[in-house]
2 protein chains.
Amino acid sequence: MSTHPSFDRARFEQPSLTVDVVVFAMRESALNLLVIERGIPPFEGRWALPGGFVLPSETVERAAARELEEETGLRDVYLEQLYTFSMPDRDPRGRVVSVAHMALLPADRLDTVQGGSDARRAEWVSIPEAIEKVEPAGLPPPGAKPRKKRDAREPHFAFDHDVIVATALARLRGKLESTTLAFELLPEEFTLTEAQRVYEAILGRPIDKVTFRRRLTQLELVEETPRMRRGAHRPARLYRAAPRDSVWI
Amino acid sequence: MSTHPSFDRARFEQPSLTVDVVVFAMRESALNLLVIERGIPPFEGRWALPGGFVLPSETVERAAARELEEETGLRDVYLEQLYTFSMPDRDPRGRVVSVAHMALLPADRLDTVQGGSDARRAEWVSIPEAIEKVEPAGLPPPGAKPRKKRDAREPHFAFDHDVIVATALARLRGKLESTTLAFELLPEEFTLTEAQRVYEAILGRPIDKVTFRRRLTQLELVEETPRMRRGAHRPARLYRAAPRDSVWI
DNA sequence: AGAACTTAGTTGCATTGTGCAACTAAGTCA
DNA sequence: TGACTTAGTTGCACAATGCAACTAAGTTCT
């Protein structure tokens, strides 16, 4: 805003400002999303994202972190601002503008999610089934498959939260190969196959093992540990994310 | 937001919601930015971005387009939502959250910019000189050169608009090579050298002619016209952006 | 014990993309 | 006419990528 001839007047009729958080985590080689089943109308029984009102003296990022901790117990997770959703009718109760955020939770912290203080149920839903037929906000995503509108079944999500989730997934996909964001979904130490599963889950398609390993090692994105993961078959070398100045590759 | 135990109460103490628009255009092989010199305090005489309050029944994207037209006469330009700025003290007059947008204006429409209805001066400033020593919001940008804080001179920009501009530039750089966004800064028909200048201005470094031309033609991002641009030396083939389903490459 | 199976990890190669130097082409200007 | 400038191409060395085939190390089945 360059000047404000109506600065004081404009404080009337301002929309409410909220934040919503799309939390992603890996579960059984699939990307999962944290939703909270709504206990009250509107959209009772539908899935909603954790979130709430922005307080007067906090940034939206801080509000997102606070609401996430209040409603799920999660703290110290990767969190980035995503997009602001402002369709006038997106909330039937009134004008609510919401600044959506995306959070990434390491796989080994998946079960640390607690119900909110008011005991609402938080649950993990796997991605390909949770969001079908929804397009992200803004410009269409890199993987520009025109998706159909929802079918006759009841929609799963409350408000426009399906669009928010689609937007978060598009952002995650877009950043996947130009940043080290994928490591935020992995435990401190992980095998290269586990890392490959993360990439495959986010991209939604299988990727070549050799190319993947070559890339991670040649770009020095990972460093070896002396430890191995032992399981049903041949033990696998454990790696950790290499310390870097920036998430950008 | 999953539930709203305090929905009605929260309508009090809500921040004001505004939009700001970072308009980029090419001028003499350099990337330029549209600023409006403020005529009133606070920040009188400093550069500000076009923008203003979001009206009750419009989206923020619509508000950005409306304010841009009201203040500069520009319409039908590429416009995308960028990032939301919410530091509680970013406006000394009170709590104002601003949703920043980025607009791209074709070079041949640069002189169609008109002063706003209240006759404030709009002017173009070239990028490398306008923003020095500022870091974008959110995560650091792809070109992660840690910039210094401003020096002793008076800052040029009002509010946090320097950060908004830095964020817009980072976004533009990030999308440059994975989208066809650069064409939005070019006239309908352009030479490949003109296109190269756009890429160089945005990246801030020279790029190889052969590689650049090979990429544009092999990916079929441009198509030949029968016309030539005639100037001081050898005439250059005119091209246009090839019609595509998506801006993503 | 040993064969079959599964997952981990490597080697080799053909294909494609990138960076750079050197060249040709077509105009202007002195 | 020749120097200069910008447009545009050719050729090549080198790096990145995709794919097939291989070896390695464990478990399980008989």
Side-chain angles (χ1 to χ4, degrees), chain A residues 26 28-30 107 142-143 173 176-180 182 186-187 189-201 203-240 248-249, chain B residues 26 28-30 107 142-143 173 176-180 182 186-187 189-240 242 248-249:
Chain A
M26 292 294 294
E28 291 159 17
S29 297
R173 282 199 184 129
L176 185 63
E177 287 166 300
S178 53
T179 69
T180 55
L186 287 165
E189 299 191 350
F190 52 85
T191 70
L192 295 190
T193 300
E194 287 165 358
Q196 186 175 344
R197 297 289 168 261
V198 173
Y199 278 74
E200 290 175 330
L203 294 174
R205 58 175 170 82
I207 58 181
D208 182 65
K209 178 168 61 169
V210 181
T211 312
F212 180 75
R213 298 168 97 91
R214 211 165 26 194
R215 204 177 112 89
L216 257 53
T217 50
Q218 274 185 6
L219 293 178
E220 295 185 314
L221 303 182
V222 293
E223 51 190 29
E224 268 190 38
T225 74
R227 284 168 291 285
M228 308 288 279
R229 169 102 69 222
R230 306 190 163 274
H233 300 283
R234 174 174 170 174
R237 173 69 58 191
L238 284 169
Y239 292 78
R240 73 166 63 84
W248 297 94
I249 295 172
Chain B
M26 292 294 295
E28 292 157 18
S29 297
R173 280 197 185 132
L176 185 63
E177 287 167 299
S178 53
T179 68
T180 56
L186 288 164
E189 298 190 351
F190 52 85
T191 70
L192 294 190
T193 299
E194 287 166 357
Q196 186 175 345
R197 297 288 168 264
V198 173
Y199 279 74
E200 290 174 331
I202 294 172
L203 293 175
R205 58 176 170 83
I207 57 180
D208 182 66
K209 179 167 61 165
V210 182
T211 313
F212 179 75
R213 298 167 99 91
R214 213 166 24 195
R215 204 178 111 91
L216 256 53
T217 50
Q218 273 184 7
L219 293 178
E220 296 186 313
L221 302 182
V222 293
E223 51 190 30
E224 267 191 39
T225 75
R227 284 168 292 285
M228 308 288 281
R229 169 102 66 220
R230 306 191 162 274
H233 299 284
R234 172 173 172 177
R237 173 68 59 189
L238 283 168
Y239 292 78
R240 72 165 64 84
W248 296 93
I249 293 171

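Proteins come first, then strands; the chains are lettered A, B, ... in the order of their sequence lines, and each starts at number 1. Everything numeric in this text was worked out from a predicted model, so none of it was measured.
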Discussion item. Taking any heavy-atom pair under 4.0 Å as a contact, classify B:R215: base, sugar-phosphate, or nothing.
Written reply: nothing
Item to complete: Compare the minimum distances between each of D:dA7, D:dT9, C:dG9 and the side chain of A:A236, then state the nucleotide with the smallest one.
Response: C:dG9
Worksheet item: Could you give the CZ-to-P distance, from A:R214 to D:dG18, as a whole number of Å?
Response: 8 Å
Worksheet item: Whole Å only: how far is the CD atom of B:E177 from the C1' atom of C:dG19?
Response: 14 Å
Item to complete: Kindly indicate whether the side chain of B:R234 and the base of D:dA7 share any N or O donor-acceptor pair separated by less than 3.5 Å?
Response: yes
Discussion item. I need the CZ-P distance between A:R230 and D:dT27, as an integer number of Å.
Written reply: 8 Å
Discussion item. Less than 4.5 Å apart, side chain to side chain, heavy atoms only: is that true for B:Q196 and B:I207?
Written reply: yes
Worksheet item: Taking OP1 and OP2 of D:dG18, is either one under 4.0 Å from a side-chain nitrogen or oxygen of A:T211?
Response: yes
Discussion item. Any donor-acceptor pair, under 3.5 Å, between the side chain of A:H233 and the base of C:dT6, if you only look at N and O atoms?
Written reply: yes
Worksheet entry | Atom-to-atom span, CD of B:Q218 to P of C:dG19 - whole angstrom | 13 Å
Worksheet item: Is the count of non-hydrogen atoms from other residues, nucleotides or ligands lying under 6.0 Å from A:E28 atom CD greater than 12?
Response: no
Item to complete: Could you state the atom-to-atom distance from CD of B:Q196 to P of D:dT9 in whole Å?
Response: 13 Å
Discussion item. Rounded to whole Å, how long is the line connecting atom NZ of B:K209 with atom P of D:dA7?
Written reply: 8 Å
Practice prompt. Quick one: label B:T193 by what it contacts on the DNA or RNA (base, sugar-phosphate, nothing), any heavy atom closer than 4.0 Å.
Written response: sugar-phosphate
Practice prompt. Send over the distance from B:D208 CG to D:dC12 C1', rounded to a whole Å.
Written response: 14 Å
Worksheet item: The side chain of A:R213 lies closest to which of these nucleotides: D:dA24, C:dT10, D:dC12?
Response: C:dT10
Fill in: Atom CD of B:E220: over 12 foreign heavy atoms under 6.0 Å
no
Discussion item. Quick test of your reading of the model: are B:E200 and B:R197 salt-bridged, counting only N-O distances below 4.0 Å?
Written reply: yes
Worksheet entry | Salt bridge present between B:R215 and B:E177 (N-O < 4.0 angstrom) | no
Discussion item. Please report the distance, rounded to the nearest Å, between CG in B:L221 and P in C:dG17.
Written reply: 13 Å
Worksheet entry | Nucleotide nearest A:P235 (side chain, heavy atoms from C-beta), chosen from D:dT6, D:dG26, C:dC20 | D:dG26
Worksheet item: A:R237 side chain: which of C:dG9, C:dA21, D:dT6 is closest?
Response: C:dG9
